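Below is one structure, written out as C-alpha coordinates, with a few remarks after it.
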Amino acid sequence: MDAPKPPMVVMLPSPGMGHLIPMVEFAKRIPLHQNLHITFLIPNEGPPSKAQITVLQSLPKSITHTFLPPVSFSDLPPTTKTETLISLTVLRSLPSLRQTIHSLSVSHTITALLVDHFATDAFDLADQFNLPKFIFFPSTAMSVSLFLYLPQLDQEILGEYVDLTEPVKIPGCVPLHGKDLQDPFMDRKDECYKTFYRNANRFIEAEGIINNSFLELEPGPIKELQKQEPGKVKPVLYPIGPLVNRDVTQTGPNGSECLKWLDNQPVGSVVFVSFGSGGTLSSNQTIELALGLEKSEHRFLWVVRSPNDNLANASYFNAETDSDPFDFLPKGFLERTKGRGLVVSSWAPQAQVLAHGSTGGFLTHCGWNSVLESVVNGVPLIVWPLYAEQKMNAVILTEDIKVGLRPNFNENGLVERQKIASVVKCLMEGEEGKKLRDKMKDLKEAAAKTLGENGTSTNLISKLALKWSNSNNISNVSN
(Lines give C-alpha, C1' and ligand atoms only; values in the text may rest on other atoms or scores of the structure.)
Protein backbone atom coordinates (compact mmCIF):
# COMPACT_ATOMS: atom_id res chain seq x y z
CA MET A 1 0.00 0.00 0.00
CA ASP A 2 1.36 3.42 -0.98
CA ALA A 3 2.20 5.83 1.81
CA PRO A 4 -0.31 8.69 2.11
CA LYS A 5 0.71 11.86 0.32
CA PRO A 6 1.44 14.79 2.64
CA PRO A 7 -1.23 17.49 2.84
CA MET A 8 -0.70 20.82 1.09
CA VAL A 9 -2.55 24.13 0.88
CA VAL A 10 -2.17 26.14 -2.33
CA MET A 11 -2.24 29.89 -1.78
CA LEU A 12 -2.93 32.25 -4.68
CA PRO A 13 -2.21 35.93 -3.95
CA SER A 14 -3.00 38.68 -6.43
CA PRO A 15 -0.33 41.13 -7.64
CA GLY A 16 0.78 43.82 -5.23
CA MET A 17 2.83 43.64 -2.04
CA GLY A 18 -0.13 44.83 0.03
CA HIS A 19 -1.93 41.59 -0.86
CA LEU A 20 1.08 39.26 -0.67
CA ILE A 21 2.52 40.31 2.71
CA PRO A 22 -0.51 39.54 4.95
CA MET A 23 -1.04 36.20 3.18
CA VAL A 24 2.63 35.38 3.82
CA GLU A 25 2.26 36.36 7.47
CA PHE A 26 -0.74 34.04 7.73
CA ALA A 27 1.18 31.18 6.10
CA LYS A 28 4.12 31.65 8.47
CA ARG A 29 1.87 31.07 11.47
CA ILE A 30 0.30 27.83 10.20
CA PRO A 31 3.34 25.49 10.46
CA LEU A 32 3.55 26.42 14.13
CA HIS A 33 0.41 24.34 14.58
CA GLN A 34 0.42 21.46 12.10
CA ASN A 35 2.75 19.54 9.81
CA LEU A 36 1.22 21.10 6.72
CA HIS A 37 3.01 22.11 3.54
CA ILE A 38 2.10 25.43 1.93
CA THR A 39 2.94 26.66 -1.53
CA PHE A 40 2.40 30.09 -3.08
CA LEU A 41 1.57 30.24 -6.78
CA ILE A 42 2.14 33.82 -7.81
CA PRO A 43 0.67 35.45 -10.93
CA ASN A 44 2.49 38.44 -12.41
CA GLU A 45 2.38 40.75 -15.42
CA GLY A 46 6.17 40.96 -15.56
CA PRO A 47 9.28 39.63 -13.84
CA PRO A 48 9.05 39.25 -10.04
CA SER A 49 9.88 42.42 -8.12
CA LYS A 50 12.82 42.61 -5.72
CA ALA A 51 10.35 43.05 -2.86
CA GLN A 52 8.45 39.87 -3.80
CA ILE A 53 11.65 37.85 -4.06
CA THR A 54 12.97 39.14 -0.73
CA VAL A 55 9.76 38.29 1.15
CA LEU A 56 9.38 34.82 -0.36
CA GLN A 57 13.01 33.79 0.02
CA SER A 58 12.83 34.52 3.75
CA LEU A 59 10.15 31.87 4.33
CA PRO A 60 10.77 28.57 6.17
CA LYS A 61 11.35 25.38 4.16
CA SER A 62 7.79 24.19 4.73
CA ILE A 63 6.55 27.11 2.60
CA THR A 64 7.53 27.06 -1.07
CA HIS A 65 6.65 29.33 -3.98
CA THR A 66 6.40 29.34 -7.76
CA PHE A 67 6.17 32.40 -9.98
CA LEU A 68 3.72 31.64 -12.76
CA PRO A 69 4.68 32.74 -16.30
CA PRO A 70 3.97 36.47 -16.72
CA VAL A 71 0.85 37.44 -18.64
CA SER A 72 0.65 40.15 -21.29
CA PHE A 73 -1.48 43.29 -21.19
CA SER A 74 -0.41 44.52 -24.62
CA ASP A 75 -4.01 44.35 -25.86
CA LEU A 76 -5.36 46.60 -23.09
CA PRO A 77 -5.70 50.40 -23.23
CA PRO A 78 -3.24 52.32 -21.00
CA THR A 79 -6.21 53.68 -19.03
CA THR A 80 -7.12 50.22 -17.66
CA LYS A 81 -7.52 50.56 -13.89
CA THR A 82 -5.49 48.77 -11.25
CA GLU A 83 -8.32 46.59 -9.89
CA THR A 84 -9.07 45.32 -13.41
CA LEU A 85 -5.37 44.61 -14.05
CA ILE A 86 -5.09 42.70 -10.77
CA SER A 87 -8.05 40.47 -11.59
CA LEU A 88 -6.99 39.99 -15.23
CA THR A 89 -3.52 38.92 -14.13
CA VAL A 90 -5.15 36.05 -12.25
CA LEU A 91 -7.65 35.23 -15.02
CA ARG A 92 -4.95 35.07 -17.69
CA SER A 93 -2.77 32.90 -15.43
CA LEU A 94 -5.39 30.15 -15.06
CA PRO A 95 -3.90 27.79 -17.73
CA SER A 96 -0.46 27.79 -16.05
CA LEU A 97 -2.10 27.63 -12.63
CA ARG A 98 -4.07 24.53 -13.66
CA GLN A 99 -0.91 22.84 -14.92
CA THR A 100 0.99 23.65 -11.72
CA ILE A 101 -1.79 22.38 -9.44
CA HIS A 102 -1.95 19.16 -11.49
CA SER A 103 1.82 18.67 -11.02
CA LEU A 104 1.61 19.35 -7.27
CA SER A 105 -1.22 16.86 -6.82
CA VAL A 106 1.09 14.03 -7.94
CA SER A 107 3.22 14.35 -4.79
CA HIS A 108 0.77 15.95 -2.34
CA THR A 109 -2.84 15.80 -1.28
CA ILE A 110 -4.04 19.34 -1.83
CA THR A 111 -6.52 20.01 0.95
CA ALA A 112 -7.54 23.60 0.11
CA LEU A 113 -7.17 26.39 -2.42
CA LEU A 114 -6.88 29.78 -0.72
CA VAL A 115 -7.27 32.72 -3.10
CA ASP A 116 -7.00 36.47 -2.77
CA HIS A 117 -10.35 38.26 -2.89
CA PHE A 118 -9.56 39.50 -6.42
CA ALA A 119 -8.76 35.96 -7.59
CA THR A 120 -12.10 34.15 -7.40
CA ASP A 121 -11.83 33.15 -11.09
CA ALA A 122 -9.53 30.41 -9.76
CA PHE A 123 -12.59 28.79 -8.14
CA ASP A 124 -13.22 27.14 -11.52
CA LEU A 125 -9.96 25.21 -11.06
CA ALA A 126 -10.87 24.33 -7.48
CA ASP A 127 -14.06 22.75 -8.81
CA GLN A 128 -12.10 20.80 -11.44
CA PHE A 129 -9.77 19.39 -8.80
CA ASN A 130 -12.48 18.96 -6.17
CA LEU A 131 -10.72 21.33 -3.74
CA PRO A 132 -12.31 23.20 -0.82
CA LYS A 133 -12.36 26.94 -1.63
CA PHE A 134 -11.28 29.67 0.76
CA ILE A 135 -10.85 33.42 0.31
CA PHE A 136 -8.10 35.43 1.93
CA PHE A 137 -9.32 38.97 2.55
CA PRO A 138 -6.41 41.25 3.57
CA SER A 139 -8.52 44.29 4.45
CA THR A 140 -11.38 45.14 6.81
CA ALA A 141 -14.36 43.08 7.89
CA MET A 142 -16.43 46.02 6.66
CA SER A 143 -15.09 45.41 3.14
CA VAL A 144 -15.92 41.70 3.46
CA SER A 145 -19.47 42.75 4.30
CA LEU A 146 -19.57 45.03 1.26
CA PHE A 147 -18.44 42.19 -1.05
CA LEU A 148 -21.04 39.77 0.34
CA TYR A 149 -23.80 42.41 0.28
CA LEU A 150 -22.94 43.78 -3.16
CA PRO A 151 -25.16 41.49 -5.30
CA GLN A 152 -28.17 42.67 -3.25
CA LEU A 153 -26.98 46.29 -3.19
CA ASP A 154 -26.50 46.27 -6.95
CA GLN A 155 -30.15 45.26 -7.42
CA GLU A 156 -31.58 47.70 -4.88
CA ILE A 157 -29.75 50.90 -5.88
CA LEU A 158 -30.39 52.62 -9.19
CA GLY A 159 -27.96 55.11 -10.68
CA GLU A 160 -24.52 55.92 -9.32
CA TYR A 161 -23.59 55.31 -5.68
CA VAL A 162 -21.69 58.59 -5.59
CA ASP A 163 -24.95 60.50 -6.30
CA LEU A 164 -26.86 58.99 -3.37
CA THR A 165 -28.23 61.53 -0.89
CA GLU A 166 -28.61 58.94 1.88
CA PRO A 167 -25.74 56.86 3.33
CA VAL A 168 -25.33 53.23 2.27
CA LYS A 169 -26.11 50.91 5.18
CA ILE A 170 -24.07 47.70 5.14
CA PRO A 171 -25.15 45.22 7.84
CA GLY A 172 -23.21 45.72 11.07
CA CYS A 173 -21.21 48.68 9.72
CA VAL A 174 -21.12 52.43 10.25
CA PRO A 175 -23.16 54.11 7.44
CA LEU A 176 -21.11 55.17 4.41
CA HIS A 177 -21.67 57.97 1.93
CA GLY A 178 -21.47 56.83 -1.68
CA LYS A 179 -18.35 58.95 -2.26
CA ASP A 180 -16.52 56.96 0.45
CA LEU A 181 -17.10 53.55 -1.12
CA GLN A 182 -14.27 51.77 -2.87
CA ASP A 183 -12.93 53.31 -6.08
CA PRO A 184 -14.70 50.86 -8.47
CA PHE A 185 -18.06 52.12 -7.14
CA MET A 186 -17.49 55.58 -8.59
CA ASP A 187 -18.64 54.46 -12.06
CA ARG A 188 -20.90 51.43 -12.36
CA LYS A 189 -20.55 51.34 -16.15
CA ASP A 190 -16.77 51.02 -15.95
CA GLU A 191 -15.07 47.65 -16.45
CA CYS A 192 -13.49 48.09 -13.02
CA TYR A 193 -16.87 47.91 -11.27
CA LYS A 194 -17.86 44.87 -13.36
CA THR A 195 -14.63 43.15 -12.32
CA PHE A 196 -15.30 43.98 -8.69
CA TYR A 197 -18.88 42.70 -8.97
CA ARG A 198 -17.79 39.47 -10.69
CA ASN A 199 -15.44 38.64 -7.82
CA ALA A 200 -17.97 39.64 -5.16
CA ASN A 201 -20.65 37.48 -6.77
CA ARG A 202 -18.53 34.36 -6.19
CA PHE A 203 -17.86 34.93 -2.49
CA ILE A 204 -20.85 32.78 -1.61
CA GLU A 205 -19.05 29.76 -3.15
CA ALA A 206 -16.28 29.88 -0.54
CA GLU A 207 -16.29 27.53 2.43
CA GLY A 208 -14.61 30.21 4.53
CA ILE A 209 -13.24 33.75 4.43
CA ILE A 210 -10.00 34.42 6.27
CA ASN A 211 -10.01 38.08 7.28
CA ASN A 212 -7.10 40.20 8.51
CA SER A 213 -9.04 41.90 11.30
CA PHE A 214 -10.11 41.05 14.85
CA LEU A 215 -13.22 41.34 16.99
CA GLU A 216 -12.13 44.23 19.25
CA LEU A 217 -11.18 46.30 16.21
CA GLU A 218 -14.40 45.74 14.20
CA PRO A 219 -17.04 44.26 16.51
CA GLY A 220 -20.04 45.42 14.44
CA PRO A 221 -19.29 43.82 11.06
CA ILE A 222 -17.57 40.73 12.52
CA LYS A 223 -20.52 39.85 14.78
CA GLU A 224 -22.92 40.38 11.87
CA LEU A 225 -20.84 38.21 9.52
CA GLN A 226 -20.62 35.42 12.10
CA LYS A 227 -24.38 35.34 12.72
CA GLN A 228 -26.07 32.08 11.77
CA GLU A 229 -29.20 32.89 9.78
CA PRO A 230 -31.77 30.12 9.23
CA GLY A 231 -32.08 29.13 5.59
CA LYS A 232 -29.15 31.30 4.51
CA VAL A 233 -25.84 29.78 3.46
CA LYS A 234 -22.79 32.00 3.78
CA PRO A 235 -19.05 31.42 4.18
CA VAL A 236 -17.62 31.00 7.68
CA LEU A 237 -15.68 34.11 8.72
CA TYR A 238 -12.28 33.58 10.35
CA PRO A 239 -11.05 36.95 11.74
CA ILE A 240 -7.40 36.01 12.35
CA GLY A 241 -5.75 39.46 12.46
CA PRO A 242 -3.85 41.54 13.04
CA LEU A 243 -1.35 39.86 10.71
CA VAL A 244 1.63 42.18 10.39
CA ASN A 245 5.33 41.59 9.94
CA ARG A 246 6.49 41.16 13.52
CA ASP A 247 10.06 40.54 12.42
CA VAL A 248 11.30 44.13 12.70
CA THR A 249 14.67 43.46 11.06
CA GLN A 250 13.85 45.01 7.70
CA THR A 251 16.79 46.47 5.87
CA GLY A 252 17.04 49.00 3.07
CA PRO A 253 19.01 52.02 1.92
CA ASN A 254 17.33 54.38 4.42
CA GLY A 255 16.88 51.95 7.31
CA SER A 256 19.79 52.79 9.58
CA GLU A 257 19.53 56.53 8.83
CA CYS A 258 15.87 56.64 9.93
CA LEU A 259 16.40 54.65 13.10
CA LYS A 260 19.53 56.55 14.17
CA TRP A 261 17.68 59.82 13.68
CA LEU A 262 14.70 58.56 15.71
CA ASP A 263 17.06 57.48 18.50
CA ASN A 264 17.96 61.15 19.00
CA GLN A 265 14.36 62.44 19.21
CA PRO A 266 12.22 62.79 22.37
CA VAL A 267 9.71 60.04 23.20
CA GLY A 268 6.47 60.29 21.20
CA SER A 269 7.54 63.49 19.43
CA VAL A 270 7.74 62.45 15.75
CA VAL A 271 5.00 62.26 13.11
CA PHE A 272 5.76 59.53 10.58
CA VAL A 273 4.49 60.43 7.09
CA SER A 274 4.17 57.69 4.48
CA PHE A 275 1.68 56.79 1.76
CA GLY A 276 2.60 53.12 1.41
CA SER A 277 4.25 51.20 -1.39
CA GLY A 278 1.75 52.33 -4.04
CA GLY A 279 0.56 55.80 -3.05
CA THR A 280 1.51 59.01 -4.86
CA LEU A 281 0.56 62.66 -4.39
CA SER A 282 0.28 65.38 -7.04
CA SER A 283 3.02 68.00 -7.45
CA ASN A 284 0.91 70.71 -5.80
CA GLN A 285 -0.09 68.43 -2.93
CA THR A 286 3.53 67.49 -2.30
CA ILE A 287 4.37 71.19 -1.91
CA GLU A 288 1.39 71.80 0.41
CA LEU A 289 2.33 68.81 2.56
CA ALA A 290 5.93 69.98 2.88
CA LEU A 291 4.91 73.50 3.89
CA GLY A 292 2.22 72.16 6.24
CA LEU A 293 4.73 69.95 8.06
CA GLU A 294 7.09 72.92 8.31
CA LYS A 295 4.30 75.17 9.60
CA SER A 296 3.26 72.63 12.27
CA GLU A 297 6.63 73.09 14.04
CA HIS A 298 6.55 69.41 15.02
CA ARG A 299 9.19 66.79 14.33
CA PHE A 300 8.51 64.57 11.31
CA LEU A 301 9.96 61.67 9.33
CA TRP A 302 8.63 61.80 5.76
CA VAL A 303 8.97 59.13 3.08
CA VAL A 304 8.70 61.25 -0.05
CA ARG A 305 8.00 59.84 -3.49
CA SER A 306 8.09 61.53 -6.90
CA PRO A 307 4.62 63.01 -7.54
CA ASN A 308 2.15 61.95 -10.20
CA ASP A 309 -0.53 64.40 -11.31
CA ASN A 310 -2.77 61.72 -12.84
CA LEU A 311 -2.82 58.70 -10.53
CA ALA A 312 -2.95 58.32 -6.75
CA ASN A 313 -1.65 54.75 -7.04
CA ALA A 314 1.00 55.28 -9.72
CA SER A 315 3.55 53.23 -7.76
CA TYR A 316 1.29 50.19 -7.29
CA PHE A 317 2.73 48.06 -10.09
CA ASN A 318 6.03 49.92 -10.47
CA ALA A 319 7.50 51.51 -7.37
CA GLU A 320 10.65 52.72 -9.13
CA THR A 321 11.11 55.98 -11.02
CA ASP A 322 14.05 57.81 -12.56
CA SER A 323 13.16 61.20 -11.07
CA ASP A 324 14.51 62.43 -7.74
CA PRO A 325 11.63 63.08 -5.29
CA PHE A 326 13.66 65.82 -3.61
CA ASP A 327 13.49 67.89 -6.81
CA PHE A 328 9.75 68.43 -6.20
CA LEU A 329 10.07 69.87 -2.69
CA PRO A 330 9.71 73.64 -2.05
CA LYS A 331 12.91 75.63 -2.37
CA GLY A 332 14.78 75.83 0.94
CA PHE A 333 12.42 73.36 2.69
CA LEU A 334 15.11 70.80 3.55
CA GLU A 335 17.46 73.46 4.94
CA ARG A 336 14.74 75.16 7.01
CA THR A 337 13.54 71.90 8.60
CA LYS A 338 16.95 70.26 9.07
CA GLY A 339 17.22 68.65 12.49
CA ARG A 340 13.49 68.87 13.20
CA GLY A 341 12.55 66.82 10.16
CA LEU A 342 14.07 63.96 8.21
CA VAL A 343 13.03 63.38 4.60
CA VAL A 344 13.97 60.08 2.92
CA SER A 345 13.36 58.93 -0.63
CA SER A 346 10.75 56.26 -1.49
CA TRP A 347 11.22 53.82 1.41
CA ALA A 348 11.66 53.56 5.17
CA PRO A 349 11.57 50.55 7.55
CA GLN A 350 7.94 51.20 8.49
CA ALA A 351 7.54 48.36 11.00
CA GLN A 352 10.59 49.56 12.92
CA VAL A 353 9.62 53.23 12.69
CA LEU A 354 6.14 52.58 14.10
CA ALA A 355 7.59 50.40 16.87
CA HIS A 356 10.09 53.11 17.86
CA GLY A 357 9.42 55.01 21.08
CA SER A 358 10.00 58.40 19.43
CA THR A 359 7.12 57.92 16.98
CA GLY A 360 3.98 59.60 18.30
CA GLY A 361 1.73 59.78 15.24
CA PHE A 362 1.33 58.41 11.73
CA LEU A 363 0.04 60.32 8.70
CA THR A 364 -1.09 57.45 6.49
CA HIS A 365 -2.92 56.64 3.25
CA CYS A 366 -5.03 54.15 5.28
CA GLY A 367 -3.78 51.01 3.59
CA TRP A 368 -4.95 48.26 5.92
CA ASN A 369 -1.47 46.80 6.50
CA SER A 370 -0.29 50.23 7.66
CA VAL A 371 -3.34 50.65 9.88
CA LEU A 372 -2.72 47.30 11.57
CA GLU A 373 0.96 48.11 12.10
CA SER A 374 -0.19 51.27 13.86
CA VAL A 375 -2.63 49.31 16.00
CA VAL A 376 -0.10 46.74 17.22
CA ASN A 377 2.21 49.62 18.18
CA GLY A 378 -0.47 51.91 19.62
CA VAL A 379 0.27 54.85 17.27
CA PRO A 380 -2.69 57.24 16.55
CA LEU A 381 -3.38 58.37 13.01
CA ILE A 382 -3.92 61.22 10.60
CA VAL A 383 -5.88 59.59 7.78
CA TRP A 384 -5.31 60.63 4.17
CA PRO A 385 -6.95 58.05 1.86
CA LEU A 386 -5.79 57.88 -1.75
CA TYR A 387 -7.28 54.88 -3.59
CA ALA A 388 -8.86 51.40 -3.38
CA GLU A 389 -10.84 50.91 -0.14
CA GLN A 390 -8.86 53.54 1.76
CA LYS A 391 -11.75 56.04 2.03
CA MET A 392 -13.82 53.31 3.68
CA ASN A 393 -10.94 52.62 6.07
CA ALA A 394 -10.74 56.33 6.86
CA VAL A 395 -14.43 56.35 7.84
CA ILE A 396 -13.90 53.35 10.14
CA LEU A 397 -10.88 54.96 11.79
CA THR A 398 -12.44 58.38 12.35
CA GLU A 399 -16.16 57.68 12.88
CA ASP A 400 -16.32 54.13 14.23
CA ILE A 401 -13.10 53.15 16.03
CA LYS A 402 -12.13 56.82 16.57
CA VAL A 403 -8.35 56.52 16.48
CA GLY A 404 -7.67 59.02 13.68
CA LEU A 405 -8.14 62.60 12.48
CA ARG A 406 -9.03 63.43 8.87
CA PRO A 407 -8.04 66.77 7.28
CA ASN A 408 -10.45 68.39 4.84
CA PHE A 409 -9.78 68.77 1.12
CA ASN A 410 -10.58 72.08 -0.58
CA GLU A 411 -12.68 72.49 -3.74
CA ASN A 412 -9.59 71.75 -5.88
CA GLY A 413 -8.98 68.42 -4.16
CA LEU A 414 -6.01 69.68 -2.11
CA VAL A 415 -5.35 69.57 1.61
CA GLU A 416 -3.92 73.02 2.22
CA ARG A 417 -0.82 73.70 4.32
CA GLN A 418 -2.80 75.40 7.11
CA LYS A 419 -5.08 72.36 7.49
CA ILE A 420 -2.07 70.03 7.57
CA ALA A 421 -0.33 72.09 10.24
CA SER A 422 -3.54 72.26 12.28
CA VAL A 423 -4.26 68.51 12.19
CA VAL A 424 -0.65 67.67 13.12
CA LYS A 425 -0.83 70.02 16.12
CA CYS A 426 -4.18 68.57 17.15
CA LEU A 427 -2.83 65.01 17.07
CA MET A 428 0.48 65.72 18.78
CA GLU A 429 -0.48 68.27 21.45
CA GLY A 430 -4.26 68.58 21.70
CA GLU A 431 -6.80 66.97 24.04
CA GLU A 432 -8.37 65.15 21.09
CA GLY A 433 -4.99 63.63 20.26
CA LYS A 434 -4.72 62.32 23.82
CA LYS A 435 -8.11 60.57 23.48
CA LEU A 436 -6.98 58.91 20.26
CA ARG A 437 -3.76 57.81 21.93
CA ASP A 438 -5.66 56.24 24.85
CA LYS A 439 -7.99 54.38 22.47
CA MET A 440 -5.04 53.11 20.44
CA LYS A 441 -3.40 51.87 23.64
CA ASP A 442 -6.51 49.77 24.38
CA LEU A 443 -6.48 48.33 20.85
CA LYS A 444 -2.76 47.55 21.13
CA GLU A 445 -3.48 45.49 24.26
CA ALA A 446 -6.42 43.74 22.57
CA ALA A 447 -4.26 42.91 19.54
CA ALA A 448 -1.54 41.40 21.73
CA LYS A 449 -4.14 39.33 23.56
CA THR A 450 -5.83 37.92 20.45
CA LEU A 451 -2.44 36.92 19.02
CA GLY A 452 -1.33 35.39 22.33
CA GLU A 453 -1.07 31.72 23.21
CA ASN A 454 -4.78 31.19 23.82
CA GLY A 455 -6.01 34.24 21.93
CA THR A 456 -8.96 34.15 19.55
CA SER A 457 -6.91 34.71 16.38
CA THR A 458 -4.36 32.09 17.37
CA ASN A 459 -7.10 29.54 18.07
CA LEU A 460 -8.82 30.22 14.73
CA ILE A 461 -5.54 29.68 12.86
CA SER A 462 -5.09 26.39 14.77
CA LYS A 463 -8.59 25.35 13.76
CA LEU A 464 -7.89 26.06 10.09
CA ALA A 465 -4.53 24.28 10.20
CA LEU A 466 -6.14 21.19 11.72
CA LYS A 467 -8.88 21.24 9.09
CA TRP A 468 -6.38 21.51 6.23
CA SER A 469 -4.04 18.88 7.67
CA ASN A 470 -6.78 16.30 7.49
CA SER A 471 -6.67 14.84 3.96
CA ASN A 472 -9.67 12.53 4.51
CA ASN A 473 -12.47 12.94 2.02
CA ILE A 474 -10.33 15.12 -0.24
CA SER A 475 -9.84 13.57 -3.64
CA ASN A 476 -7.80 15.45 -6.21
CA VAL A 477 -9.22 14.94 -9.67
CA SER A 478 -6.68 15.27 -12.48
CA ASN A 479 -9.01 15.88 -15.41
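Just so it is clear, the model here is predicted, and its values are computed rather than measured.
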Given the rule in the salt bridge (Lys or Arg N to Asp or Glu O under 4.0 Å) test, do Lys402 and Asp438 qualify, once you have shown the distances and angles that lead to the verdict?
-> CA-CA 11 Å; Lys402 296 182 179 172; Asp438 290 343; over 6 Å; no
Can you name the one residue among Asn199, Thr89, Asp116 that meets side chain to side chain donor-acceptor pair (under 3.5 Å) with Ser14?
-> Asp116
Counting only N and O atoms by type, is there a donor-acceptor contact under 3.5 Å from the side chain of Lys449 to the main-chain atoms of Gly455?
->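 Such a contact is absent between Lys449 side chain and Gly455 backbone.
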Salt bridge or not between [X] and [Y]? Use side-chain N to carboxylate O under 4.0 Å.
X      : Y      : result
Glu25  : Lys28  : yes
Asp75  : Arg92  : yes
Glu207 : Lys133 : no
Asp180 : Arg406 : yes

Charged tip of Arg305 within 45° of Phe275 ring normal and under 6.0 Å |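 No.
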Chi angles and distances behind the salt bridge (Lys or Arg N to Asp or Glu O under 4.0 Å) call for Asp124, Arg202 = CA-CA 10 Å; Asp124 294 336; Arg202 301 198 71 171; 2.8 Å; yes
Pairing donors with acceptors under 3.5 angstrom, does anything connect the side chains of [X] and [Y]?
X      : Y      : answer
Thr195 : Ser87  : no
Thr458 : Glu453 : no
Glu389 : Ser139 : yes

Answer whether the closest heavy-atom distance between the side chains of Asp154 and Tyr161 falls below 4.5 Å.
-> yes
Contact check, side chains of Thr82 and Tyr387, non-hydrogen atoms, under 4.5 Å |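 Answer no - side chains too far apart.
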Rounded to the nearest 0.5 Å, how far does [atom2] of [Y] lie from [atom1] of [X]?
X      : Y      : atom1 : atom2 : answer
Ile170 : Tyr149 : CD1   : OH    : 8.5 Å
Leu372 : Asn212 : CG    : CG    : 5.0 Å
Leu20  : Met23  : CG    : CE    : 8.0 Å

Shortest non-hydrogen contact between [X] and [Y], atoms and distance:
X      : Y      : answer
Pro380 : Leu427 : CB-CD1, 3.8 Å
Pro184 : Tyr193 : O-CB, 3.2 Å
Gly241 : Phe214 : O-CB, 3.5 Å

May I have the step-by-step check of side chain to side chain donor-acceptor pair (under 3.5 Å) for His37 and Thr64, ending in yes or no?
-> CA-CA 8 Å; His37 194 86; Thr64 57; 3.3 Å; yes
Aromatic ring proximity, centroids under 6.0 angstrom, Phe136 and His117 | no
Above 12 or not: heavy atoms from other molecules or residues under 6.0 Å from NZ of Lys463?
-> no
Test log, rule salt bridge (Lys or Arg N to Asp or Glu O under 4.0 Å), inputs Glu160 and Lys189 | CA-CA 9 Å; Glu160 294 293 347; Lys189 298 180 292 298; 3.3 Å; yes
